[in-house]
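First up is the structure itself, then whatever we jot down about it.
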Amino acid sequence: MQLFDWIVLIITLLFIVIYGAWKTKGSKNVEDFILGSNETPWHTVGLSVMATQASAITFLSTPGQAYHDGMGFVQFYFGLPIAMIVICLTFIPIYHKYKVFTAYEYLEKRFDLKTRSLAAILFLFQRGLGTGLTIYAPAIILSALLGWNLTYMNIVIGILVIIYTVTGGTKAVNVTQKQQMFVIMSGMFITFFLILHFLPNDMTFTNALHIAGANGKMNIVDFSTDPEEKYTFWSGITGGFFLALAYFGTDQSQVGRYLSGKSVRESQMGLIMNGILKVPMQFFILLTGVMVFVFFQFNPVPLNFNPNNKIAIEKSKYKNEYHALEEKLETLSEDKKVINLLYIDQLNQDYDNPILRKELVAISTKEKDLRDHAKEIILKADNDSETNDKDYVFFHFILNYLPKGLIGLLLAVIISAAMSSTASGLNALASTTAIDIYKRNLKEQKTEKHYLNATKFFTFFWGIIAILFASVGTLFENLIQLVNIIGSIFYGTVLGIFLVGFYIKFIKAKAIFYSAFITQVTILIIYYFAIFIYPSGEEKLGYLWLNFIGALMTIVLSALLQATIFKNEKNITA
């Protein structure tokens with residue numbers, strides 16, 4: 001970090017916070033604070049929806065995911081455009097018809113208070129965890145790579161978000177997210193083209209794709225029906241569809257974005273914009289990770305990208321053994337560079353040499369074996385070490401190879417993304433707590449000013465909770481997976497409640513409440529015994545299927561229970 005990097009970083013972040021707080025101050029009532037007075041145009045809705053989902057985790061973890069595993073993760077988003085269409089046709093018109101402040105308010109109108117409260121509590125639990133994670137994810141990586149204090153990082157990011165979110169509510173979230181998306185995508189495009197510029201002079205983009213393909217990084221679609229495979233076409237089009245339907249259709253952090261739209265049509269156009277752009281955006285971010293992989297075919301690469309592991313090794317009795325592996329990797333890297341250059345030369349002559357392809361695969365296999373051996377040594381040195389380094393790959397490239405100023409810009413990208421997701425999360429948590437829990441269960445009627453102040457207080461309260469959670473969090477296998485796992489555990493049940501409410505009119509409150517409760521307990525059991533207790537890569541069920549199972553089980557159970565209730569009532573009447 002040079003002085004110019006610090007200047008770029010600080011000016012970018014301060015501008016976003018100060019502009020957001022100044023532009024949106026002075027909410028007069030709860031409707032103004034939560035719904036932004038329904039003045040948001042469609043393009044702002046679309047950008048806000050995208051910025052809410054595109055957290056710092058997206059820009060830290062996704063390139064590392066592609067570096068290690070290739071483009072297959074994009075299948076996770078295949079169901080998203082279909083989900084956008086369903087939400088536009090069904091969810092948005094119903095929410096606007098009932099003039100709700102939150103998604104869960106609709107459930108009381110359709111069922112009863114306890115069903116509304118159950119869905120709201122499930123949301124508060126999973127989004128509370130998720131919002132803490134949106135702060136923690138960039139903080140832990142920045143602290144590891146830059147030596148910054150982790151706790152201070154959590155506090156700084158959290159406070160920056162609290163300032164403008166408490167001040168301006170939904171308007172502040174929407175206004176700042178437009179600027180954050182501009183910073184984010186500008187930084188990513190600049191980085192992508194710089195990677196291509198840093199590749200050998202005679203290497204075309206097509207050649208880079210050939211090298212990535214030879215190493216198995218360009219396998220975009222997998223039609224496998226194996227339920228243990230995390231990312232396939234079928235899990236994306238089903239589990240991904242249900243996850244997207246639940247997230248965009250029932251999660252208040254997203255519902256709040258399009259409820260602030262000027263009209264039903266403006267909200268629908270904003271979501272369609274997201275549906276059109278989201279898959280290409282994720283494809284581009286993954287492709288950036290693949291290009292980082294290609295870049296490291298010609299440049300030195302560490303045994304493990306997490307610098308904390310290197311520190312732990314240097315303090316242990318295993319450092320000589322680790323250094324021996326580093327020497328082997330260095331020699332292998334030179335061989336890898338030579339073979340890749342030969343391969344490029346053949347490609348430039350329009351010949352894809354199968355022998356060189358095999359050699360590339362063989363070298364990649366040897367490198368993977370060295371990395372796996374290094375992980376074993378790291379664990380011997382410190383059993384609590386996190387050996388999975390996917391979240392550190394992209395930032396290692398940023399810090400070591402980008403020119404002055406761009407490091408500050410990319411840091412601004414990552415922190416801006418963290419702020420955008422955290423702001424939406426806090427706004428949604430506060431809205432749900434104030435409207436669905438506090439206001440609904442308050443015995444006496446209060447003034448609009450009282451509820452406005454209560455919503456602001458809950459924004460501040462959840463901001464502090466998120467900071468505290470971030471400060472005690474622990475790194476999971478891959479941060480982007482952790483966010484989606486947390487969502488998958490709870491989203492299916494909540495989605496099932498909404499689908500019954502929208503489409504199956506004969507099911508009443510009692511049946512849906514108990515079915516949802518039983519389903520949620522069952523999903524937690526399935527997650528524990530099929531996923532949680534198994535090491536990475538050995539799970540018996542891909543976590544995306546939890547969304548499908550949860551939604552389907554809630555619907556089927558509620559239908560069966562309602563039929564039983566009808567039968568019993570009929571017998572009693574008879």
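This chain uses plain numbering: 1 for the first residue, then up along the sequence.
With contacts defined as side-chain heavy-atom distances shorter than 4.5 Å, the pair Asn453/Phe457 does not qualify. Looking only at side-chain heavy atoms (C-beta outward), Leu122 and Tyr491 stay at 4.5 Å or farther from each other. Within the 4.5 Å cutoff, side-chain heavy atoms of Ile497 are placed close to those of Phe111. Counting only heavy atoms from C-beta outward, the side chains of Asn547 and Phe241 never approach each other to under 4.5 Å.
In this structure, Tyr514 has its ring center at least 6.0 angstrom away from the ring center of Phe517.
Applying the side chain to side chain contact (heavy atoms under 4.5 Å, CB included) test to Ala551 and every residue at least two apart in sequence or in another chain returns Phe242, Leu495. Checked against side-chain hydrogen bond (donor to acceptor under 3.5 Å, both in side chains), His43 has no partners two or more places apart in sequence or in another chain. With sequence neighbours left out, the side chain to side chain contact (heavy atoms under 4.5 Å, CB included) criterion links Leu524 to Ile489, Gln520. Under the ring-ring contact (aromatic ring centres under 6.0 Å, His included) criterion, Phe513 pairs with no residue at all, not counting sequence neighbours. Met269 pairs by the side chain to side chain contact (heavy atoms under 4.5 Å, CB included) definition with Trp42, Arg265, not counting sequence neighbours. Residues forming a side chain to side chain contact (heavy atoms under 4.5 Å, CB included) with Thr238 (at least two apart in sequence, or on another chain): Trp545. Applying the side-chain hydrogen bond (donor to acceptor under 3.5 Å, both in side chains) test to Thr459 and every residue at least two apart in sequence or in another chain returns nothing. Every residue meeting the side-chain hydrogen bond (donor to acceptor under 3.5 Å, both in side chains) condition with Thr232, not counting sequence neighbours, appears here in chain and number order: Ser235. Evaluation of the side-chain hydrogen bond (donor to acceptor under 3.5 Å, both in side chains) rule for Thr165 yields no partner, not counting sequence neighbours.
Formation of a donor-acceptor pair under 3.5 Å by the Ser253 side chain with backbone atoms of Gly425 is not found in this model. The main-chain N or O of Val49 is found under 3.5 Å from a side-chain atom of Gln254 such that the two form a donor-acceptor pair. Distance alone, capped at 3.5 Å, is enough to place a donor-acceptor pair between the Gln75 side chain and the Phe233 backbone. A donor-acceptor contact shorter than 3.5 Å is absent between the side chain of Asp112 and the backbone of Glu108. Of the possible polar contacts, one joining the Tyr95 side chain to the Gly249 backbone as a donor-acceptor pair under 3.5 Å is found. Distance alone, capped at 3.5 Å, places no donor-acceptor pair between the Arg257 side chain and the Ser48 backbone.
Ion pairing of Glu105 with Arg440 is absent here, as no side-chain N (NZ or NE/NH1/NH2) approaches a carboxylate O to less than 4.0 Å.
Counted by atom type alone, Gln252 and Tyr104 present zero donor-acceptor pairs between their side chains at under 3.5 Å.
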What pairs of donor and acceptor atoms, side-chain ones from residues 272-280 against any protein atom, are under 3.5 angstrom apart with sequence neighbours left out?
{"unit_1": "Lys278", "atom_1": "NZ", "unit_2": "Gln53", "atom_2": "OE1", "d": "3.2"}
{"unit_1": "Lys278", "atom_1": "NZ", "unit_2": "Gln282", "atom_2": "OE1", "d": "3.0"}

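Sorted by first and then second residue, the side chain to side chain donor-acceptor pair (under 3.5 Å) pairs with a member in residues 499-511 read Thr90-Tyr503; sequence neighbours excluded. Applying the ring-ring contact (aromatic ring centres under 6.0 Å, His included) test to residues at least two apart or on different chains, none of the pairs has a partner in residues 248-273.
Trp462 pairs with exactly one of Thr131, Thr432, Thr433, Asn427 by the side chain to side chain donor-acceptor pair (under 3.5 Å) rule, that one being Thr433. A side-chain contact (heavy atoms from CB on, under 4.5 Å) with Met153 is found for one member of Ile157, Ile155, Thr151, Val156 and no other, namely Ile157.
Taking a 6.0 Å sphere around CZ of Phe284, one finds it holds more than 12 heavy atoms contributed by other residues, nucleotides or ligands.
Note on ring orientation: taking the six-membered ring where Trp is involved, the planes of Phe502 and Tyr106 are tilted (angle from 30° to 60°).
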